[in-house]
Amino acid sequence: MQGRHSWRAGRPEGHRVALLLYAAAFVYGCSVFGVDPVLGWIAGALNIVFALYFFRHLAFAVAAARWAGADLVAADVDLAGYEPKVAVFVGCKNEALVVDSMVTALLALDYPADRLTLVVVDDGSDDDTGAILDVRAAADPRLRVLHRAPGAGGGKSGALNDALDGVDAEIVLVFDADHEPDPYVLRRLVRHFRDPKVGAVMGRCIIRNGQESTMATTVFVDFLSGYLVNEYGRQAMFELPAYGGANCAVRMSTLRALGGWNPETVTEDTDLTLRVLLRGQRVRYDVTAVDYEEAVISARRFWTQRYRWARGHQKCFRDYWRPIVRSRHLSVVEKCESMMFLLGYHVPVLTGIGVVLSVLRAFGIGDQPIIGLLPLSMLLFVGPLAELSVGLLVGRVERRAAWSLLGFLPAFALSIWITSRAYVDGMLGRPYTWVKTTRSGSTSTVAPALTGSAR
């Protein structure tokens with residue numbers, strides 16, 4: 001594949017020296033200036049960071065409240081007259097509980113059959129995933145199934161890269177195995193590629209099992225905030241949304257030039273977003289391109305999923321912050337927003353430090369800085385709360401769902417621990433590979449096509 005090694009492979013994961021320097025700087029500062037002033041300076045710096053993120057959250061919430069509602073009803077604009085060849089890829093590993101419904105949704109996509117290729121990769125599954133896919137492929141020639149050997153490596157990226165071989169298409173769409181796309185999602189994503197500057201497009205994901213558990217309800221509201229407010233705001237204000245890894249499309253020429261998906265990362269979506277931007281192209285976000293996915297239903301599954309996101313996102317920051325600063329394709333404002341985006345999974349780590357400083361302050365340790373006279377730390381919570389609230393409003397969720405906002409207090413506390421653990425593990429270079437999210441398969445937006453032994 002052309003450009004196969006254009007990802008940033010080989011960069012060491014561990015940064016133990018940096019951790020030692022941080023510790024040495026803290027000890028040196030305390031010995032020279034005293035513990036109280038140093039802790040006060042740290043608290044002041046954290047308050048500045050929290051204030052910057054508060055205004056960012058607030059701006060996104062205002063943008064979504066002002067314009068997202070109108071954009072949601074403009075779903076069918078500019079759909080006709082552009083039908084490039086499209087390939088749809090899905091990687092599956094032990095997805096027997098959800099794969100049948102996913103295939104049913106894929107086969108219902110509204111697009112000319114002679115310009116659409118459907119490729120589902122069985123990534124070394126040891127359950128009935130492969131058998132279900134083979135039955136569906138035998139019944140419908142539009143579906144192409146690839147089987148990877150167990151331990152083939154590369155995680156999701158490896159499966160998607162294998163799907164690239166022998167595919168003739170201009171645009172590649174990616175869904176996860178638990179996703180069930182709306183029939184018109186393909187046309188709504190593809191229309192943006194009329195603009196040659198567009199390298200990738202992301203659609204909106206909606207949680208379909210929000211009633212399954214308290215955790216699923218929390219994730220449902222989180223996705224409303226993330227897709228209806230945060231990504232919408234990044235699109236509206238900076239035209240810098242992220243390629244989200246599922247319900248997304250990428251230009252084939254761009255993908256091949258970049259060497260495909262990066263198997264050296266566990267968050268191939270963030271990695272690809274950055275490489276598209278550094279190449280001089282843009283990512284678009286379409287709030288009307290909808291598909292339905294399954295939320296995690298327990299704290300253990302939440303930990304597994306968010307640890308992977310944090311670990312990968314933090315590594316992307318370490319790998320790409322220098323190229324972003326040096327990029328000639330991004331303005332100063334765009335570089336600042338890209339850095340704030342990349343640092344998103346570091347902010348809970350800083351929050352954890354802030355909590356420790358607050359506890360120390362309660363025991364009389366640590367000077368209160370001038371900027372600390374204002375309760376800026378609270379802004380870190382008020383900003384996301386504004387996004388969550390606007391997400392509920394724009395999403396027209398029933399009023400009683402507002403009580404679900406209370407679930408974000410324990411979820412945020414858990415996120416502090418998850419991201420802090422991921423940060424330390426990453427800086428120490430502890431090995432980690434891609435881990436799939438466990439599904440429950442309890443809900444679906446389509447009627448399953450299979451019954452019987454293959455199920």
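Please read all numbers here as calculations on a predicted model, not as lab measurements.
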K.L.:
Quick one: list whatever passes ring-ring contact (aromatic ring centres under 6.0 Å, His included) with Tyr82, sequence neighbours left out.
P.N.:
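Tyr82 satisfies ring-ring contact (aromatic ring centres under 6.0 Å, His included) with no residue once adjacent residues are dropped.
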K.L.:
Mind checking whether Tyr307 and Tyr432 have ring centres under 6.0 Å apart?
P.N.:
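Yes, they do, as the ring centres are separated by less than 6.0 Å.
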K.L.:
How about CZ on Arg194, more than 12 heavy atoms from neighbouring residues, nucleotides or ligands closer than 6.0 Å, or not?
P.N.:
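Yes, the 6.0 Å shell around CZ holds more than 12 heavy atoms from other groups.
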K.L.:
Is the closest side-chain donor-acceptor distance between Asp286 and His192 under 3.5 Å?
P.N.:
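A pair is found: one side chain offers a donor N or O, the other an acceptor, under 3.5 Å apart.
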K.L.:
Is it true that Ser125 and Glu95 share a donor-acceptor pair across their side chains at a distance under 3.5 Å?
P.N.:
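Side-chain D/A pair, Glu95 to Ser125: absent.
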K.L.:
Any side-chain heavy atom of Val333 within less than 4.5 Å of one from Phe238?
P.N.:
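Of all side-chain heavy-atom pairs linking Phe238 with Val333, at least one is under 4.5 Å.
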K.L.:
Taking 4.0 angstrom as the limit, do Glu337 and Arg234 come out as a salt bridge?
P.N.:
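Here Glu337 pairs with Arg234 in a salt bridge, since their nearest N and O are under 4.0 Å apart.
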K.L.:
Anything under 30° is parallel, anything over 60° is perpendicular, the rest tilted; go ahead and classify Tyr227 against Phe223.
P.N.:
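Taking Phe223 first and then Tyr227, their aromatic rings sit tilted (interplane angle of 30° to 60°).
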K.L.:
Considering residues at least two apart in sequence or located in another chain, which fulfil the ring-ring contact (aromatic ring centres under 6.0 Å, His included) criterion with Tyr111?
P.N.:
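Not a single residue meets the ring-ring contact (aromatic ring centres under 6.0 Å, His included) criterion with Tyr111.
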K.L.:
Out of Asp269, Asp176, Asp123, which residue meets the salt bridge (Lys or Arg N to Asp or Glu O under 4.0 Å) rule with Lys156?
P.N.:
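That would be Asp176; it is the only one of Asp269, Asp176, Asp123 passing the salt bridge (Lys or Arg N to Asp or Glu O under 4.0 Å) with Lys156.
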K.L.:
Check whether the side chains of Glu212 and Thr443 place a donor and an acceptor atom closer than 3.5 Å, and report yes or no.
P.N.:
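Thr443 and Glu212 do not have a side-chain donor-acceptor pair below 3.5 Å.
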K.L.:
Between Val276, Val250, Leu278, which is the residue that forms a side chain to side chain contact (heavy atoms under 4.5 Å, CB included) with Leu258?
P.N.:
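Single side chain to side chain contact (heavy atoms under 4.5 Å, CB included) partner of Leu258 among Val276, Val250, Leu278: Val276.
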K.L.:
Assess the pair Tyr423 and His346: is the distance between their ring centroids shorter than 6.0 Å?
P.N.:
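Between Tyr423 and His346, the centre distance is under 6.0 Å.
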K.L.:
According to ring-ring contact (aromatic ring centres under 6.0 Å, His included), who are the partners of Tyr345, at least two apart in sequence or on a separate chain?
P.N.:
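Applying ring-ring contact (aromatic ring centres under 6.0 Å, His included) to Tyr345 gives His313.
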